[in-house]
Number of protein chains: 2
Amino acid sequence: MRLGEINMSKDTMDYNEFDSLFYPNSIAVVGASPVPGNAGATMLSMMLNHGFPGKLYPVNRSARDVLGLKAYSSIKEIPGPVDYALLQVPAEKAIDAISDCSDKGVKFVSLLAAGFGESEDKTGKELEQDLAKAACQRGIRFLGPNCMGFYCPKSHVTFGNGFPRESGPVGVMCQSGGNSVQLVRSGTPRGIRFSKIISFGNAADINEAELMEYFARDPDTKLIIAYIEGVRDGQRFFRALKDATLSKPVIVLKGGQSDTGCATIQSHTGSLAGSNHIWSSLLKQTGAIQAYNIDECIDIASACLFLKRPASRKIAVMGFGGAASVQAADDCCRAGLILPLIADPIKQELQKFIPTAGNIFRNPLDVTRIYFDPVKLGQAATILGGWSDIDILLLHIRVELTDASMVEAKTLEPTVQGFIDAARETGKPTVLAIYSVYSDSSYQGYLKAQQMCMEAGITCYPSVYRAANAIGKTLKYYKKR
Amino acid sequence: MRLGEINMSKDTMDYNEFDSLFYPNSIAVVGASPVPGNAGATMLSMMLNHGFPGKLYPVNRSARDVLGLKAYSSIKEIPGPVDYALLQVPAEKAIDAISDCSDKGVKFVSLLAAGFGESEDKTGKELEQDLAKAACQRGIRFLGPNCMGFYCPKSHVTFGNGFPRESGPVGVMCQSGGNSVQLVRSGTPRGIRFSKIISFGNAADINEAELMEYFARDPDTKLIIAYIEGVRDGQRFFRALKDATLSKPVIVLKGGQSDTGCATIQSHTGSLAGSNHIWSSLLKQTGAIQAYNIDECIDIASACLFLKRPASRKIAVMGFGGAASVQAADDCCRAGLILPLIADPIKQELQKFIPTAGNIFRNPLDVTRIYFDPVKLGQAATILGGWSDIDILLLHIRVELTDASMVEAKTLEPTVQGFIDAARETGKPTVLAIYSVYSDSSYQGYLKAQQMCMEAGITCYPSVYRAANAIGKTLKYYKKR
């Protein structure tokens with residue numbers, strides 16, 4: 001289906017038609033210029049780096065070319081069709097640009113400029129209304145204003161440098177460009193890949209409700225992360241959200257959980273943020289998973305994607321240190337997980353090769369005295385993971401302990417490998433928590449360990465607290481479903 | 001005052017006498033051996049590395065020397081006086097070792113072995129009682145069992161390798177050896193130094209109440225961190241704690257905040273953990289600052305030590321990103337901080353050199369568009385810090401943003417320097433939060449920035465959330481006092 005065939009009425013917009021918007025064959029970047037640091041040129045260069053296979057047209061009144069691409073003085077002068085236009089023009093020129101796009105037959109636009117509904121003065125707010133009206137009249141759908149456009153690895157459209165080329169199961173709808181980038185930066189090293197990230201800013205046209213409906217039906221999207229500052233169409237959004245959670249996990253980060261946060265939002269995307277209390281109870285009703293910040297979004301997404309669905313909340317925990325085990329127990333209980341008493345046969349099997357003194361044969365299991373022995377640690381993890389009373393295995397590693405670090409002792413990687421093998425052998429849903437990282441060498445070890453986990457499809461957290469919290473929230477979602 | 005003069009009756013123990021215990025001239029390590037990995041030899045080597053200036057005596061039945069130090073077959077055969085003995089002997093030999101120490105005239109002992117009150121069997125618990133009785137009868141005071149002894153930089157006694165040689169204002173009493181080490185490892189790069197860290201394990205003799213009384217009166221200690229799993233003498237402890245908080249901040253981490261955590265404690269230090277609810281309300285009454293984990297202990301200690309006492313909860317926040325500013329506002333409000341509306345003259349001054357579009361001139365102030373301009377960032381921080389309506393300045397830095405990182409752009413260090421200069425120039429209590437660190441180069445930049453802050457006496461956090469939380473808790477302490 002080509003763009004020309006799309007029915008632009010919001011209420012009857014068809015899923016497949018919306019989907020095709022994300023696969024343009026030709027993109028114009030209006031406002032790209034050869035001036036160093038120009039944002040339009042940066043967009044073009046990102047698209048080139050990402051291997052966009054279609055046509056890229058810089059539009060600039062005076063320049064002949066931008067980044068070696070032939071530039072056009074107006075979008076209307078571009079010879080072939082233009083499927084998608086990125087408008088990098090000042091706010092006051094936006095309506096003219098939309099009008100030119102319409103003349104050219106462009107149906108889908110992202111408007112990057114700020115200076116609309118989020119402004120303090122009336123002009124910006126009125127401008128936004130006029131813009132929405134103009135676009136609607138001319139049959140143009142747009143993201144923004146005050147957005148970054150979208151990232152879709154399958155179509156090689158991007159708004160960030162170094163974003164992964166591989167597609168993945170996470171669909172993101174995000175009112176903030178910065179948070180979109182943060183999700184990619186923090187998710188990538190943890191193995192999270194995206195179907196599409198849609199930065200939709202002030203949501204003057206395409207809004208949260210439509211995007212939620214879209215992602216709910218998008219077969220490429222298995223999990224949705226939504227960063228919302230306010231809603232344009234609350235009723236429809238909550239209905240869409242409720243529907244979406246029936247088929248896939250939806251993690252919602254509501255920006256503005258405080259009065260000052262809400263006030264900040266007015267200057268960020270101009271949204272009416274709404275009371276935190278109301279939001280929280282509405283979200284609860286929909287079955288969405290609420291996150292407090294971006295880190296928590298990624299933590300929960302990791303658990304949803306990489307932790308096989310556990311049969312129960314019963315968890316076995318193993319790591320180093322008595323107090324660390326006490327803390328791990330507190331962290332897990334806080335998250336609603338259950339630590340059954342260790343079964344005698346399991347204990348006896350462990351005690352065959354782990355000294356009794358200085359270790360704690362409970363759940364959490366403290367195996368401090370075999371800290372530097374990856375082989376025994378792997379054996380212990382396999383035995384614990386094989387325990388039939390538990391359905392989740394959490395293995396926690398302190399990189400720096402008393403007088404040496406696992407990196408210096410070269411035992412971190414073999415220990416992680418042993419844990420990965422134990423997870424595979426027992427088939428038990430397993431997570432790792434790797435912490436106590438205070439030096440550059442420890443951090444390098446951490447990154448390497450994280451990569452090993454990622455390649456093995458096992459999720460890895462920077463603390464037991466964050467691991468337990470993510471597992472707990474994910475299990476609550478499964479339970480509701 | 002020499003050790004021989006100490007009155008050992010617990011109830012009349014004098015502060016100065018207790019103090020002198022931490023400054024031994026001679027130390028015997030009973031159970032040190034030349035066998036690789038021997039824990040006693042490790043203790044000796046740590047003491048040597050730390051420059052202990054007094055006499056060190058390995059005690060071993062068969063070895064002639066350990067680490068080049070002449071070994072004695074019994075502590076009684078050591079020619080000179082022994083002020084302090086570290087007993088690295090199995091549980092069942094502890095009473096004999098105590099008896100030998102008594103014969104030798106040793107008054108102060110640390111008993112490292114586990115296998116006492118924390119054991120599951122009755123034998124261990126009985127052994128601990130017998131041990132306490134034996135020591136009391138013979139006038140010996142001891143730390144432990146199941147402990148690491150103590151670290152006192154001034155006397156060059158240590159239980160960890162690479163612990164700082166410099167003394168500092170933080171006194172730690174800790175039922176866990178692992179947590180003691182964790183406090184040093186995490187506190188050191190953030191500029192925290194210690195007067196003494198006392199690992200007191202099962203507290204069969206010297207207990208939490210005495211140590212709290214001691215630290216309350218210790219002039220070298222300006223702030224106390226206590227990791228407590230359970231109390232031996234609850235009434236006296238809470239009285240001591242209440243007294244201590246009148247003269248210095250006391251941060252208490254109560255291990256076992258859940259049922260499973262409490263059960264774990266029984267196998268860790270054998271303490272009766274007590275209900276979290278009761279603990280929490282008792283701690284509240286004393287004016288102590290409650291922490292949830294070790295990271296929070298260090299976060300709060302940093303705020304207490306490095307943040308000049310602010311005149312109010314009013315804070316100005318500056319950083320990069322609209323959504324990051326929304327989140328920062330949420331984080332600050334959650335912590336009980338107040339973000340006044342930005343004053344017009346401050347706003348006008350900022351707008352003289354910061355473009356209006358794409359930035360948010362509120363509080364939090366979002367200065368995304370000057371992200372790579374350390375000079376302007378420093379100017380902005382100075383203007384914001386000079387704003388008379390606020391008493392705290394929080395500057396947050398995202399190391400990795402859209403298409404490049406501050407490390408790659410070489411702007412991180414100058415930006416941090418500019419912020420440090422702004423803090424100095426305005427004299428406003430200032431903290432930095434540095435986050436968005438996902439690569440090795442970013443982490444190196446982070447460590448360097450952290451060091452710059454440390455050297456400038458400014459506290460630096462890995463997130464706005466943690467910064468705000470620590471400031472909030474510290475202010476609540478000041479308010480109560």
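Throughout, a chain's letter reflects where its sequence line sits, starting with A, and its residues are numbered from 1.
- Only the side chain of R334(B) has a heavy atom closer than 4.5 Å to any heavy atom of chain A.
- Summarising the geometry of D330(A) relative to G256(B), their closest heavy-atom pair is OD2-N, 3.0 Å, with the distance given to 0.1 Å.
- Your options are V326(A), T188(A), T368(A), and the one with the most heavy-atom pairs under 4.5 Å with chain B is V326(A).
- Counting heavy atoms from C-beta on, the side chains of L401(B) and V181(A) never come closer than 4.5 Å.
- Residues R398(B) and Q182(A) bring a donor and an acceptor atom of their side chains to less than 3.5 Å of each other.
- With a 4.5 angstrom heavy-atom cutoff, S439(B) touches chain A only via backbone atoms.
- Proximity to chain A involves both the backbone and the side chain of A329(B), based on heavy atoms less than 4.5 angstrom apart.
- Applying the ring-ring contact (aromatic ring centres under 6.0 Å, His included) rule to Y446(B) yields no partners; only residues at least two apart in sequence or on another chain are considered.
- Taking V184(A), D259(A), L341(A), D331(A) one by one and counting their heavy-atom pairs under 4.5 Å with chain B, the maximum is reached by D331(A).
- The contact between I265(B) and chain A is made by backbone and side chain atoms together, counting heavy-atom distances below 4.5 Å.
- For chain B, the nearby parts of A323(A) are the backbone and the side chain; heavy atoms of each come within less than 4.5 Å.
- Interface remark: Y435(B) contributes side-chain atoms only to the contact with chain A (heavy atom separation under 4.5 Å).
- Qualifying ring-ring contact (aromatic ring centres under 6.0 Å, His included) partners for F361(A), counting only residues two or more places apart in sequence or in other chains: none.
- The candidate with the highest count of non-hydrogen atom pairs below 4.5 Å against chain B, out of E229(A), E118(A), R190(A), Q257(A), is Q257(A).
- Heavy atoms of V437(A) lying under 4.5 Å from chain B belong to its backbone as well as its side chain.
- In summary, K347(B) and E120(A) engage in a salt bridge, as defined by a charged side-chain N under 4.0 Å from a carboxylate O.
- Using modelled atom types and a 3.5 Å distance limit, the side chains of N293(B) and Q327(A) yield no donor-acceptor pair.
- The aromatic rings of Y292(B) and Y465(A) lie perpendicular to each other, with more than 60° between the two planes, well past the 30° mark.
- Of the listed residues (A328(A), G178(A), P364(A), A263(A)), the one with the most heavy-atom contacts under 4.5 Å to chain B is A263(A).
- The choice from S463(A), G322(A), S325(A), S436(A) that makes the most heavy-atom pairs within less than 4.5 Å of chain B is G322(A).
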